[in-house]
J.: 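Quick one: the structure is below, questions incoming.
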Amino acid sequence: MIGMGFDVHRLAEGESLVLGGVTIDSPIGTVAHSDGDVVLHALVDAILGALALGDIGEHFPDTDPRWKGEPSSTFVRHAVQLARTEGYRLGNVDISLVLESPKILPYKQQMREMIAELTELPVNRVSVKATTSERMGYVGRREGVHAWCVCELLPQ
Ligand code: MG
């Protein structure tokens, strides 16, 4: 089964920037109820999508004080557990992150390792790609960051 996920968050000065479970050195960060990790949020929605079990907002409403400042690893673990309950494991994960700055290259390997751990996948089945928006649109103006994720679920 295949799932896709997308997430977007606003960026603002003085907020922290956590992407793929890794804290990025940046003067601007995501505005969010949780830690605003668009990479992990897109991953959660991809897993939920493959299972046809709704979206992250249904499982973890941003109106619920329990999820305030929550590390998004909690949401990924929940989605992976749901997959297991349904009789599936992840086969691979492919992520595209779109961010104008800072450069993500120095953090990519760490993100892959973090995602591999959370999804119980070998690192060579976790792809993290990053691009800019060529200074166009809300990403180009550094007003926001977004991420896409596709994953495959295989029978256990
Ligand atoms: Mg989100």
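These numbers come from the heavy atoms of this one structure, side chains and all, not from hydrogens, waters or symmetry mates.
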J.: Hey, mind stepping through Q110 and V22 against side chain to side chain contact (heavy atoms under 4.5 Å, CB included) and telling me if it holds?
T.: CA-CA 7 Å; Q110 220 183 322; V22 176; 3.8 Å; yes
J.: If only side-chain N and O atoms count, and only distance matters, is there a donor-acceptor pair under 3.5 Å linking S101 with R142?
T.: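 A donor-acceptor contact under 3.5 Å links the two side chains.
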J.: Are I47 and L53 side-chain neighbours, meaning at least one heavy-atom pair lies under 4.5 Å?
T.: no
J.: Can you tell me how far the CG atom of L17 sits from the OG1 atom of T23, to the nearest 0.5 Å?
T.: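 One finds 8.5 Å between CG of L17 and OG1 of T23.
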J.: Tell me whether the count of non-hydrogen atoms from other residues, nucleotides or ligands lying under 6.0 Å of CG in D64 goes above 12.
T.: yes
J.: Write down the atom of L51, the atom of Y88, and the distance for their closest heavy-atom approach.
T.: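 Of all heavy-atom pairs spanning L51 and Y88, the closest is CD2-CD1, 4.4 Å.
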J.: Less than 4.5 Å apart, any side-chain heavy atom of L118 and any of L40?
T.: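 A side-chain contact under 4.5 Å exists here.
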J.: My understanding is that only residues two or more places apart in sequence, or in another chain, count here; which of them pass side-chain contact (heavy atoms from CB on, under 4.5 Å) with D45?
T.: L48, D55, I56
J.: Applying the side chain to side chain contact (heavy atoms under 4.5 Å, CB included) criterion to S72, which one of D35, L43, V18 satisfies it?
T.: D35
J.: Using a 3.5 Å distance criterion without hydrogens, assess whether the side chain of T30 forms a donor-acceptor pair with backbone atoms of A32.
T.: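 Looks like no, no N/O pair under 3.5 Å.
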J.: Measuring from atom OG of S73 to atom CD of E117, what distance do you get when rounded to the nearest 0.5 angstrom?
T.: 9.0 Å
J.: Would Q109 and V123 satisfy side chain to side chain contact (heavy atoms under 4.5 Å, CB included), going step by step from the backbone distance to the final call?
T.: CA-CA 9 Å; Q109 186 59 21; V123 176; 3.9 Å; yes
J.: Could you measure the distance from the CD atom of Q81 to the CZ atom of R77? Nearest 0.5 Å is fine.
T.: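 If we round to the nearest 0.5 Å, Q81:CD and R77:CZ are 11.5 Å apart.
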J.: Indicate yes or no: at least one non-hydrogen side-chain atom of M1 is less than 4.5 angstrom from one of E152.
T.: no
J.: Flag yes if V98 and M4 sit in one hydrophobic cluster, no otherwise; membership is Ile, Leu, Val, Met, Phe, Trp, Tyr, and two members link when side-chain heavy atoms are under 4.5 Å apart.
T.: yes
J.: Which pair of heavy atoms, one from A79 and one from V44, lies closest together, and at what distance?
T.: CB-CG1, 4.2 Å
J.: If the threshold is 4.0 Å, N to carboxylate O, is there a salt bridge linking R84 and E120?
T.: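 The answer is yes: the pair qualifies as a salt bridge.
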J.: Under 4.5 Å between any side-chain heavy atoms of S34 and F60, yes or no?
T.: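 No - every pair of side-chain heavy atoms lies 4.5 Å or more apart.
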J.: Return the CD to NE2 distance between E143 and H9, rounded to the nearest 0.5 Å.
T.: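 Here the rounded value is 16.0 Å.
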J.: Ignoring hydrogens, what is the shortest heavy-atom contact between V39 and G20? Give both atom names and the distance.
T.: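 Nearest pair, atom of V39 first, then G20: CB-N, 3.4 Å.
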J.: If you group Ile, Leu, Val, Met, Phe, Trp and Tyr by side-chain heavy-atom gaps below 4.5 Å, do L82 and V93 land in one group?
T.: yes
J.: Does the pair K129/D94 count as a salt bridge with the N-to-O cut at 4.0 Å?
T.: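 Salt bridge present between K129 and D94.
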J.: For T119 and V80, work out which heavy atoms get closest and say how close.
T.: CA-CG2, 4.0 Å
J.: Do V139 and T132 have side chains that get closer than 4.5 Å, going by heavy atoms?
T.: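 No. Closest side-chain heavy atoms not under 4.5 Å.
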J.: Identify the two heavy atoms, one from W148 and one from A42, that lie closest to each other, and give their separation to 0.1 Å.
T.: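 That closest heavy-atom pairing would be C-CB, 4.2 Å.
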J.: How long is the straight-line distance from CG of L90 back to SG of C151, given to the nearest 0.5 Å?
T.: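 CG of L90 is found 5.0 Å from SG of C151.
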J.: Does a sphere of radius 6.0 Å around CD in E134 hold more than 12 heavy atoms from other residues, nucleotides or ligands, not counting ones at 6.0 Å or beyond?
T.: no
J.: Could you tell me which residues satisfy salt bridge (Lys or Arg N to Asp or Glu O under 4.0 Å) with R89, sequence neighbours excluded, listed by chain and number?
T.: none
J.: Could you tell me whether the side chain of D37 and the main chain of G21 form a donor-acceptor pair under 3.5 Å?
T.: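 It does hold such a pair.
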J.: Would you indicate whether the side-chain heavy atoms of V145 and L97 approach each other to under 4.5 Å?
T.: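 A side-chain contact under 4.5 Å exists here.
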J.: To the nearest 0.5 Å, tell me how far E100 CD sits from L11 CG.
T.: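 If we round to the nearest 0.5 Å, E100:CD and L11:CG are 11.0 Å apart.
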J.: Is the CD atom of E13 crowded by more than 12 outside heavy atoms at less than 6.0 Å?
T.: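 Atom CD in E13 is not packed in, count stays at 12 or less.
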J.: Assess the pair Y138 and H146: is the distance between their ring centroids shorter than 6.0 Å?
T.: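 Ring centres of H146 and Y138 closer than 6.0 Å.
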J.: Nearest heavy-atom pair of V126 and R112: which atoms, and what distance?
T.: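 Answer, listing the atom of V126 first, then R112: O-NE, 2.8 Å.
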J.: Do we see a donor-acceptor contact under 3.5 Å between the side chains of H41 and D7?
T.: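 Yes, because at least one side-chain N or O of H41 sits under 3.5 Å from a partner of the opposite role on D7.
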J.: Determine whether L19 and M111 make a side-chain contact, defined as any pair of heavy atoms from C-beta on separated by less than 4.5 Å.
T.: yes
J.: Is a side-chain N or O of Y107 found less than 3.5 angstrom from the main chain of D25, in a donor-acceptor match?
T.: yes
J.: Are side-chain heavy atoms of H59 and H78 found at a separation under 4.5 Å?
T.: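 Yes - at least one pair of side-chain heavy atoms lies under 4.5 Å apart.
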